[in-house]
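The structure under discussion appears below in the form of structure tokens.
Keep in mind it's a predicted model, so treat the numbers as computed, not measured.
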Amino acid sequence: MKTKPLKDFSNKKVRTVISSMQTYRDTLTQPERDLFDLDFAKVVRFKKEAELDGMGMRQISLALKRTSIMLFKKFGASEMKERRQLLINIAHEVDIKRIIFQRDNGPKVNKKKELTA
């Protein structure tokens with residue numbers, strides 16, 4: 001199952017996601033990059049209409065959070081504060097969508113009331 005987590009995002013947010021994913025991509029090792037590139041290519045090509053699974057949404061969230069951390073390390077706490085907050089807010093939105101998606105589409109666990117021997 002897949003969903004379109006960026007569907008209701010503004011164009012600015014989608015550009016921010018793509019920019020963060022590009023920045024984050026440059027920090028990955030080759031095996032990590034190969035897996036990341038599958039979802040990155042979907043986001044770049046389809047933008048708001050990109051269909052992603054839980055792993056793809058996790059990749060986006062991680063890219064946004066890591067970019068925020070890199071900005072903090074590079075510029076300090078007082079500089080780029082609004083940009084960092086925007087990145088964290090978008091990551092939070094994606095995380096919420098991922099959690100709801102996985103809750104609704106993940107495997108269902110049946111709890112047995114009695115133990116059988």
Side-chain angles (χ1 to χ4, degrees):
M1 300 235 55
K2 295 187 178 198
T3 188
K4 297 178 182 178
L6 308 178
K7 189 174 186 172
D8 59 344
F9 279 18
S10 67
N11 289 333
K12 179 182 177 182
K13 282 185 181 180
V14 174
R15 286 192 308 271
T16 301
V17 167
I18 292 171
S19 173
S20 293
M21 290 181 81
Q22 180 63 51
T23 301
Y24 178 60
R25 181 184 182 277
D26 295 339
T27 68
L28 299 173
T29 62
Q30 191 58 47
E32 294 170 329
R33 186 179 294 180
D34 292 341
L35 182 60
F36 182 83
D37 281 347
L38 298 173
D39 294 317
F40 181 57
K42 290 177 190 175
V43 173
V44 169
R45 181 173 180 196
F46 298 110
K47 296 182 178 42
K48 291 183 180 187
E49 297 301 314
E51 291 188 353
L52 302 169
D53 58 6
M55 179 70 167
M57 288 183 266
R58 183 72 184 118
Q59 296 278 21
I60 290 173
S61 175
L62 192 57
L64 290 160
K65 291 173 184 176
R66 292 284 169 93
T67 302
S68 176
I69 290 168
M70 287 189 307
L71 288 174
F72 178 80
K73 287 181 178 179
K74 186 173 182 177
F75 297 106
S78 60
E79 297 294 318
M80 304 285 282
K81 188 174 183 177
E82 288 180 19
R83 174 73 172 171
R84 287 185 288 115
Q85 190 61 51
L86 174 66
L87 294 170
I88 295 299
N89 289 344
I90 297 171
H92 182 70
E93 285 182 59
V94 173
D95 280 337
I96 296 292
K97 290 179 182 187
R98 177 183 55 83
I99 290 167
I100 291 169
F101 171 77
Q102 289 181 327
R103 181 196 66 202
D104 294 344
N105 298 297
K108 307 298 182 221
V109 178
N110 295 328
K111 296 181 181 180
K112 294 183 180 179
K113 292 184 179 182
E114 295 180 28
L115 294 175
T116 57

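Atom CD1 of Ile100 and atom CD of Gln102 lie 11.0 Å apart (nearest 0.5 Å). Annotation: the span from Thr29 atom OG1 to Leu35 atom CG amounts to 10.5 Å, rounded to 0.5 Å. Distance check: Leu86 CG to Lys12 NZ gives 6.0 Å after rounding to the nearest 0.5 Å. Rounded to the nearest 0.5 Å, atoms CE (Met55) and CZ (Phe36) are 10.5 Å apart. Taken from CZ in Arg98 to CD in Gln59, the straight-line distance is 11.0 Å, to the nearest 0.5 Å. Leu52 CG to Leu6 CG: the interatomic distance, rounded to the nearest 0.5 Å, is 6.5 Å.
Heavy-atom minimum distance, Met57 versus Thr3: CE-CG2, 3.5 Å. In this structure, Ile90 and Lys13 approach most closely via the heavy-atom pair CD1-CG, 3.8 Å. Annotation for Phe9 and Val14: closest pair CB-CG2, 3.9 Å, computed over non-hydrogen atoms. Here the closest non-hydrogen pair linking Pro5 and Lys97 is O-NZ, 2.7 Å.
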Throw together a table of side-chain donor-acceptor distances under 3.5 angstrom for residues 37-47, partners on residues two or more places apart or in other chains.
from	atom 1	to	atom 2	distance (Å)
Asp37	OD1	Arg25	NE	2.6
Asp37	OD2	Arg25	NH2	3.0
Lys47	NZ	Val44	O	2.9

Less than 3.5 Å apart, which donor and acceptor atoms pair up between the side chains of residues 63-77 and the rest of the protein, not counting sequence neighbours?
from	atom 1	to	atom 2	distance (Å)
Lys65	NZ	Asp95	OD2	2.8
Thr67	OG1	Ser20	O	3.4
Thr67	OG1	Ala63	O	2.7

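Formation of a donor-acceptor pair under 3.5 Å by the Thr23 side chain with backbone atoms of Ser19 is found in this model.
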Criterion side-chain hydrogen bond (donor to acceptor under 3.5 Å, both in side chains) on Glu93 and Asn89, from CA distance to verdict | CA-CA 6 Å; Glu93 285 182 59; Asn89 289 344; over 6 Å; no

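Both Val94 and Met1 are part of a single hydrophobic cluster, where members link through side-chain heavy atoms under 4.5 Å apart. Cluster annotation: Ile60 and Leu28 are assigned to the same hydrophobic cluster (Ile/Leu/Val/Met/Phe/Trp/Tyr, side-chain heavy-atom contacts under 4.5 Å, transitive).
Residue Arg83 is tested with Met80, Gln85, Lys81 for a side chain to side chain contact (heavy atoms under 4.5 Å, CB included); the sole match is Met80.
Scored by the side-chain contact (heavy atoms from CB on, under 4.5 Å) test, Asn11 finds Arg15, Lys48 as partners (sequence neighbours excluded).
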